[in-house]
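This report concerns only the one structure given below.
Labels below follow one simple rule: chain letters A, B, ... track the order of the sequence lines, proteins then strands, and each chain is numbered from 1.
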Amino acid sequence: ETGVTQSPTHLIKTRGQQVTLRCSSQSGHNTVSWYQQALGQGPQFIFQYYREEENGRGNFPPRFSGLQFPNYSSELNVNALELDDSALYLCASSSQGHTGELFFGEGSRLTVL
Amino acid sequence: AQSVAQPEDQVNVAEGNPLTVKCTYSVSGNPYLFWYVQYPNRGLQFLLKYITGDNLVKGSYGFEAEFNKSQTSFHLKKPSALVSDSALYFCAVRDGPSARQLTFGSGTQLTVLP
């Protein structure tokens with residue numbers, strides 16, 4: 001069984017740039033969620049994708065957007081990067097209708113200078 | 001709205017002693033409760049969950065948690081701590097099966113001293 005994989009593992013951007021993070025879900029999982037974990041804090045829900053559509057969103061501005069592809073992999077795009085966007089971005093997969101536990105990737109560490 | 005509180009930023013325990021990491025929650029419906037562990041610069045690993053049934057749930061690596069509805073708590077426990085248990089622990093809640101998001105606490109750093 002293949003777990004959740006994310007790329008890149010680390011990246012550095014400057015304020016105002018755009019970034020794309022990628023995630024491959026665990027085999028058999030059709031739902032992908034993205035979380036932002038700032039240093040010293042718990043993960044915060046960004047959004048969830050199911051059947052290629054966003055079906056839940058947390059308190060994040062529209063410059064955070066995503067995609068899900070037919071093979072259930074996903075992208076997180078962040079436009080107009082701000083310094084506060086520096087964080088570990090976690091992708092998690094699950095089966096829709098499953099009793100809630102998420103399976104997380106190792107994360108992408110974004111630093112905005 | 002759903003929320004989670006982990007009142008202790010840091011818990012220290014001697015190896016071989018029992019450990020408890022505390023968590024309280026607030027939801028409007030029936031809570032789905034979870035514990036995750038995070039090692040440095042890594043993602044989160046699922047430990048255990050409570051959905052319904054027996055209030056004492058058992059999970060990975062010898063961990064267990066007790067659901068207490070009247071106290072709205074879901075404390076993580078282990079009878080005998082290992083140095084390798086040292087990590088960051090997160091409690092999380094989902095407000096029933098239809099809720100899209102997990103809400104996480106701020107985390108508790110567990111240090112097991114040899």
Side-chain angles (χ1 to χ4, degrees), chain A residues 3-10 21 23-26 29 31-51 53-60 66 68 87-111, chain B residues 1-10 21 23-25 27 29-53 57 59-60 63 65 67 74 87-109:
Chain A
V4 178
T5 58
Q6 293 187 241
S7 63
T9 54
H10 296 83
L21 308 178
C23 171
S24 293
S25 61
Q26 183 165 314
H29 288 178
T31 302
V32 173
S33 305
W34 286 91
Y35 286 76
Q36 180 196 65
Q37 186 180 16
L39 198 61
Q41 297 182 24
Q44 300 286 320
F45 175 70
I46 303 175
F47 43 55
Q48 176 177 291
Y49 276 81
Y50 171 64
R51 291 186 174 178
E53 292 199 1
E54 182 184 301
N55 72 344
R57 190 177 184 93
N59 189 27
F60 281 81
Q68 187 182 29
L88 181 67
Y89 288 85
L90 296 165
C91 172
S93 71
S94 61
S95 296
Q96 186 72 5
H98 200 262
T99 49
E101 74 243 43
L102 303 179
F103 295 86
F104 285 85
E106 297 292 304
S108 294
R109 172 75 64 186
L110 171 65
T111 302
Chain B
Q2 54 194 54
S3 65
V4 174
Q6 292 182 244
E8 302 159 317
D9 292 335
Q10 175 84 37
V21 182
C23 171
T24 59
Y25 67 89
V27 297
N30 291 322
Y32 284 22
L33 293 156
F34 307 85
W35 277 99
Y36 285 83
V37 60
Q38 186 175 37
Y39 296 97
N41 300 311
R42 304 295 294 275
L44 277 70
Q45 296 180 29
F46 169 74
L47 281 179
L48 51 79
K49 67 181 178 185
Y50 171 83
I51 304 298
T52 186
V57 293
S60 306
F63 284 95
F67 170 66
F74 189 57
L88 186 58
Y89 290 81
F90 289 98
C91 181
V93 68
R94 186 192 296 271
D95 194 354
S98 60
R100 300 286 186 254
Q101 69 180 77
L102 278 185
T103 297
F104 286 84
S106 55
T108 298
Q109 179 66 48

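Note: B:I51 CD1 to A:E101 CD = 7.5 Å, rounded to the nearest 0.5 Å.
In this structure, the side chains of A:L102 and B:Y36 come closer than 4.5 Å at one or more pairs of heavy atoms. Residues B:R100 and A:T31 form no side-chain contact, since every pair of their non-hydrogen atoms from C-beta on lies 4.5 Å or further apart.
In B:R42, the CZ atom is not crowded: 12 or fewer heavy atoms of neighbouring residues, nucleotides or ligands sit closer than 6.0 Å. In the displayed structure, B:Q10 atom CD is contacted under 6.0 Å by more than 12 heavy atoms of other residues, nucleotides or ligands.
The contact between A:E106 and chain B is made by backbone and side chain atoms together, counting heavy-atom distances below 4.5 Å. For chain B, no part of A:F47 is nearby; none of its heavy atoms comes within less than 4.5 Å. For a residue to count as touching a neighbouring chain, one of its non-hydrogen atoms must lie under 4.5 Å from one of that chain's; by this rule A:Q37 touches chain B with the side chain only. Contact of B:Q6 with chain A is not made at all, since no heavy-atom distance falls under 4.5 Å.
A pairwise comparison of heavy atoms in B:F90 and A:G42 identifies CE2-CA, 3.4 Å as the closest pair. The heavy-atom pair separating A:L90 from B:G43 by the smallest distance is CD2-CA, 4.0 Å.
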